[in-house]
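For ligands, and for the atoms within them, numbers begin at 1 and follow the listed sequence. Below, all heavy atoms of this structure are taken into account, side chains as well, without hydrogens, waters or symmetry copies.
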Amino acid sequence: MAEALPGLRADGLRGGVLYYDGQTDDARLVLENVLDAAQAGAAVASYCAVEALHREDGRISAATARDQLSGASLRVHGRCWVVAAGPHTDALLTLLDPQHRPWLRPTKGVHLVLRGERLRVPRALVAYHPHDGRVLFVLPFFEHTVVGTTDTDFAGDADSARADAADVAYLLAAANHYFPGAALGDDDVIATWCGVRPLLAAAAASGDSPGAVSREHRIATRADGVVVVAGGKLTTYRRLAAEAVDAARAVLDAEGPPRGPTTTADRPLPGASGLRSEGDLARWQAQLTAQLGGDERIAQHLATTYGVGAARLLARVAAQPALGERIVAGLPFIWAEISHAARFELALTLDDVLVRRVQLFYRAHDQGLAVLDRVADALAAELAWDANERAHQLQAYRELVALNQRWRDAPAPPAGSSA
Ligand SMILES: Cc1cc2nc3c(=O)[nH]c(=O)nc-3n(C[C@H](O)[C@H](O)[C@H](O)COP(=O)(O)OP(=O)(O)OC[C@H]3O[C@@H](n4cnc5c(N)ncnc54)[C@H](O)[C@@H]3O)c2cc1C
């Protein structure tokens, strides 16, 4: 164990178990699915919130949605509707039925990104929190380390969930317990990330701790033909999606000719098409390394983030070599990725790019603030922002960073208290 995880607390250590698991970039996973849908002919619209659903003969026939960026209202017509709104599921179901009783018991989960130069783990550690025995993870995260998560009941708007000082203290206490030599403090936290789990309430008894609530999903077709997806995990998303499509097909088939079978089980994400094995990926990465003049780190980043889609980035670098320069020294992101995100990957805002596509928000020590003006220039050129829009985008991103760091303003809770 000491060799597998240098710095791990030796006190009381008798052994460990090695097992294998997957790690993913959740935003990229979602994006690849959205890009695939668009390639398959779907009309996709981000930042559009459904505000009302309209009935005709007992069935939902249209929705009114508001574009959160422009304020414009759109009306969408459809014969089959699927609610897949994560922690917002109950809010959508309340639009359908004001008497709706909640299906979910949402819990807040926080991760910390810790400076890699202060704690670096060559592999993941799964352990129990020293205060309350909850399972937690210390994970390699590119050049840094992630520790998480908390799991606390959450009420309110899921979009407003943030890490607070108690969350950070709780996670730092665990990291310091298992890696006492690291002596981590608040200054070692680069960023926090926080989400709300859409856990199913039905499976939970009221006295259960949040961590004991089921991670299973539920797919139901309501009497008005709306298919509802609730709960679930990233790990099982393909199975869940296939079940949801089957449920939607059953609704549509009842009204028209039956459709062909779903291809979910065999369909690779766009970046993975043609990359059937680890060997294929390694060969693709080697090819990218050669094209990049030997820079393995950038090649690895491009190959594992964009898969075969990296070819488009390299073509742009070949035409304009300055686009191949790193955005921030020490990180593998290159300038070509910024305009690529707007041109090919549906990015509309600075935080679309820096949080969910080019992860400076989590991986740059200043969350990307030093290069923000240049990034805004590149996006302004791509998205035709005028001076007002550029200023608005800069302000919105700076506010996002400030919100992410707000936990520092509150006093840390007494040692030993839990999140
Ligand atoms: C801290 C944490 C750790 C986790 N760890 C793991 C893990 O290790 N493994 C794992 O498999 N899973 C994990 N999960 C669970 C996983 O992230 C979620 O189950 C998954 O993201 C749910 O996906 P979803 O598409 O159902 O919901 P979401 O990803 O929340 O997507 C719902 C979407 O609906 C949109 N929406 C909401 N309301 C409206 C509206 N009115 N109109 C239009 N759109 C709307 C939202 O904007 C959002 O884009 C974790 C979750 C958290 C919070």
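The protein does not reach atom 35 (C) of ligand 1 closely, with no heavy atom under 4.0 angstrom from it. In this structure, atom 12 (N) of ligand 1 is in close contact with the protein, since a protein heavy atom lies within 4.0 Å of it. Put simply, atom 49 (O) of ligand 1 has no protein non-hydrogen atoms near it, under 4.0 Å away. The protein does not reach atom 5 (N) of ligand 1 closely, with no heavy atom under 4.0 angstrom from it. At a distance under 4.0 Å, no protein heavy atom can be found next to atom 25 (O) of ligand 1. Distance screen at 4.0 Å: atom 43 (C) of ligand 1 has a protein heavy-atom neighbour inside the cut-off. The nearest protein heavy atom to atom 29 (O) of ligand 1 is not closer than 4.0 Å.
Polar contact check, T235 against ligand 1: a nitrogen or oxygen pair lies under 3.5 Å apart. Residue P198 has no nitrogen or oxygen atom sitting less than 3.5 Å from a nitrogen or oxygen atom of ligand 1, judged on distance alone. Where the criterion is an N or O separation shorter than 3.5 Å, residue side chain and backbone included, V50 meets it with respect to ligand 1.
Put simply, the side chain of T192 does not reach to within 4.5 Å of the side chain of V113, judged on heavy atoms.
Nearest protein heavy-atom contact of atom 33 (C) of ligand 1 is A84 O, 4.0 Å.
In this structure, D351 does not pair ionically with R357, as no charged nitrogen and carboxylate oxygen lie closer than 4.0 Å.
A cation-pi arrangement is present between R28 and Y306 under the rule of less than 6.0 angstrom and at most 45 degrees off the ring axis.
Between the R9 side chain and the H177 main chain, a donor and an acceptor come within less than 3.5 Å of each other.
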